[in-house]
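A note on names: the letters A, B, ... follow the listed sequences, proteins ahead of strands, and every chain is numbered from 1.
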There are 2 protein chains.
Amino acid sequence: MPNRVTIADVARLAGVSTMTVSRVINAKGDVRDATRLRVQRAIDQLEYRPSQAARTLTTRRSHTLGLLVPDITNPFFPEIVRGAEDVAWERGYLVSLANTVEDNDRERAALEHFEAHRVDGLIVCSARLPEAALGAALRRHQAVVLLNRRVADEHVASLEVDDALGTRLAVAHLASTGHRTIGLLAGPRRSSSSSKRRLGYHDGIEAAGQRFDASLVEDGEPSEDGGHRALRALLARRPDVDAVVCYNDVVALGALAAARDLGRDVPGALALVGCDDVRLASLVHPPLTTLRIDTYALGRQAAELLFERLRDEPPRHVVVAPELVVRASAPSMPPLTRERTRT
Amino acid sequence: MPNRVTIADVARLAGVSTMTVSRVINAKGDVRDATRLRVQRAIDQLEYRPSQAARTLTTRRSHTLGLLVPDITNPFFPEIVRGAEDVAWERGYLVSLANTVEDNDRERAALEHFEAHRVDGLIVCSARLPEAALGAALRRHQAVVLLNRRVADEHVASLEVDDALGTRLAVAHLASTGHRTIGLLAGPRRSSSSSKRRLGYHDGIEAAGQRFDASLVEDGEPSEDGGHRALRALLARRPDVDAVVCYNDVVALGALAAARDLGRDVPGALALVGCDDVRLASLVHPPLTTLRIDTYALGRQAAELLFERLRDEPPRHVVVAPELVVRASAPSMPPLTRERTRT
DNA sequence: ACCGGTCCCGTGAGCGCTAACACCCGTTGC
DNA sequence: GCAACGGGTGTTAGCGCTCACGGGACCGGT
């Protein structure tokens, strides 16, 4: 590691002032073609790379975005990260990533860490912090986009999946295919998408002319294990359940395993609907009926919303609608017909 | 966004010099308890966060690691990223992520980007750049760990999966369960794990007393689509193939779909072995026989190796062995027995 | 001849920290 | 009594850039 090349070295070699070199690099102000060429040559020859740290110090722009996810290992997030990183890349920005690991302290600490690093903007996915703490932490950042969470702060943009609609669609689908006792694996209480799903479930049930019954709703962790446990608990209480809407696909996978363990045929004895359309969903057996969201596009849009904020445009609040994808775990035909078509 | 609080503000409020504040923050040098307390209170009151940019400028340490992956969307990588990020986090480091998208220009550009941002260290996963370009780019970084790639440069540490061993194990397993015409979906030529797999395949075939035949090897992109295409190409040329070892699980998934499309029963008419033991592998139908690697641990270890380099310890070259996980896509029993046990 | 304007480039200051040293003062040693 | 020492603190300079100026050269208009 030789001593770093600085802008002064380039300036000396090119026979100009550092300011001229700076102007060439940033394509700002007028520089004569001949000069620009000399500078360019010096840069190439010395393999000079401007220090982003020094630039950050003077311009107060780090050209870095912070991206906070609960857990990159959850198949919902890599696509989002990829989408956001692609957009950042196109704009010459770098993305710093932090996992909160579903831990409030770590979430808070990560937000501070990003602050110390002076990220220009922040995308926070599925924040779990309570409103007050989250609001306080975000207020210290210049530009923030919240994914699947809303906060009462005028300068924070947000991007949400319409989970209520999704769950409503799922319930409607199940009801229309003859299911009379539809349960809900509702996920973690503090998550905002969970409460939206509860809402959509309630509305969907009533819209289908059925009676809402709280004993058909079961909380649980958003993991395979959580889904497994939740379905067993639900079926123990309400063995008459003939269909279940799950918090997400991972939970649905756990539920699927539980159904198999309990000897319940899916979809014959129990129809299952997931959510997110993770790639897994189409590959398991039976393939999962689920609610599709284009997560890559979600990530891109989150970044776009952030750059809008960085250009000082007013924060927007975008809601995207999921789309029901019907597969074998909750097929289109009513149960009786389905039995006939089976070989 | 009010004006940023600086160290000078804290110093003024606490009635000391900025140097003393700095000493408190960095727990460096001696400060009287009473003074430390006053400074601490001032920091808390002003909610002061030291600017990492300024620190980077003076200390030449950014407390940031760069992490380069081909594509975070490939299920092999999130666990690695998570492992590396966890270790970085424990050490107070932030991780900047870049996807190369299997594009050499972007890979090169990302390395430069990281250089401009003065990351303290770099983890590069599955670099695709040709040796010369890669070496040149890496030489400009202080500390580098290469994952699944080796480079002739004494200061670069590396961490490799023994893919040759893995493939050998897979071939041995297939041969011992009665398969006589074993193919290989070898992945992208320029990838180093691909050449290691070719090697292991060759050795495995000969060790099993069979004859190596180049027409049984098929290249392809490391994606589902690539696997689909590759298997079709291979079977078109060699319809007699009765088992296939795949570049990774994602490719195996594509191959599985292709087999289904061609009406080939798996494992009845074609046994399939994947690689990586992505979670998907155990959930598809039939579950994939594959080579397991603890990717989370891999990510952690990569970061550990990097921190060793940052402490100026000599670079190490670690090789981890994969482990064969037998599932239904290439079961333990020889084909004939397997037919009987079917219901 | 003078003024204003545009193009091109340099000067000086300062972004917010910390390394290195200088300094002061109360001990301790002889 | 004075040197030597070390804990506690301040001073100075500079890390590598860019902002805000300023100013010379050269143009055209009056």
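When the C1' atom of D:dT9 is taken as reference, atom NZ of B:Lys28 falls 17 Å away, rounded to whole Å. The CD1-P distance, from A:Ile7 to D:dC15, rounds to 14 Å in whole Å. Rounding to whole angstrom units, CG of residue A:Leu57 and P of D:dG14 are separated by 17 Å. As rounded to whole Å, 11 Å separates atom P of D:dG10 from atom CE of B:Met19. Rounded to whole Å, atom P of C:dC15 lies 8 Å from atom CZ of A:Arg60. Distance CD (A:Gln52) to P (C:dC15): 19 Å, rounded to an integer number of Å. For the pair A:Arg61 CZ and C:dC15 P, the interatomic distance rounds to 19 Å; values are reported in whole Å. Atoms CG (B:Asp9) and C1' (C:dG16) sit 10 Å apart, rounded to a whole Å.
Between the side chain of B:Arg36 and the base of D:dG8 there is no donor-acceptor pair of N/O atoms closer than 3.5 Å. Side-chain N/O atoms of B:Arg23 and base N/O atoms of D:dG10 include a donor-acceptor pair closer than 3.5 Å.
Listed pair A:Ser22 / D:dT18 meets the phosphate criterion, a side-chain N or O lying under 4.0 Å from OP1 or OP2. Listed pair B:Arg55 / C:dC17 fails the phosphate criterion, with no side-chain N or O lying under 4.0 Å from OP1 or OP2. An OP1 or OP2 oxygen of D:dG10 is reached within less than 4.0 angstrom by a side-chain nitrogen or oxygen of B:Thr20. Of the side-chain N and O atoms in B:Ser17, one or more sit less than 4.0 angstrom from OP1 or OP2 of D:dG10. Residue A:Thr18 has no polar side-chain atom (N or O) positioned under 4.0 Å from OP1 or OP2 of C:dG10. OP1 or OP2 of C:dC8 has not a single side-chain nitrogen or oxygen of A:Arg32 nearer than 4.0 Å.
Each of B:Thr58 and B:Gly29 has a nearest nucleotide on DNA chain D; the 5'-most of these lies closest to B:Gly29.
Side-chain contact, A:Ser17 with A:Thr20: a donor N or O sits under 3.5 Å from an acceptor N or O.
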* Decide side-chain contact (heavy atoms from CB on, under 4.5 Å) for B:Arg23 and B:Thr35; before the verdict, give the C-alpha distance in whole Å, the side-chain angles of both, and the deciding distance to 0.1 Å. => CA-CA 11 Å; B:Arg23 276 190 271 260; B:Thr35 315; over 6 Å; no
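To the nearest 0.5 Å, the span separating CD on A:Glu85 from CG on B:Leu97 amounts to 6.0 Å.
Side-chain N or O atoms of B:Glu115 include none that pairs as donor or acceptor with a backbone N or O of A:Arg49 at under 3.5 Å.
In this structure, B:Thr35 reaches the sugar-phosphate backbone alone: every heavy-atom distance under 4.0 Å involves primed, P, OP1 or OP2 atoms, never a base.
When the options B:Asn99, B:Asp71, B:Asn74 are evaluated for a side-chain hydrogen bond (donor to acceptor under 3.5 Å, both in side chains) with A:Arg82, the one that passes is B:Asp71.
The side chain of B:Pro50 lies closest to C:dC17 when the candidates are D:dT9, C:dC17, D:dG8.
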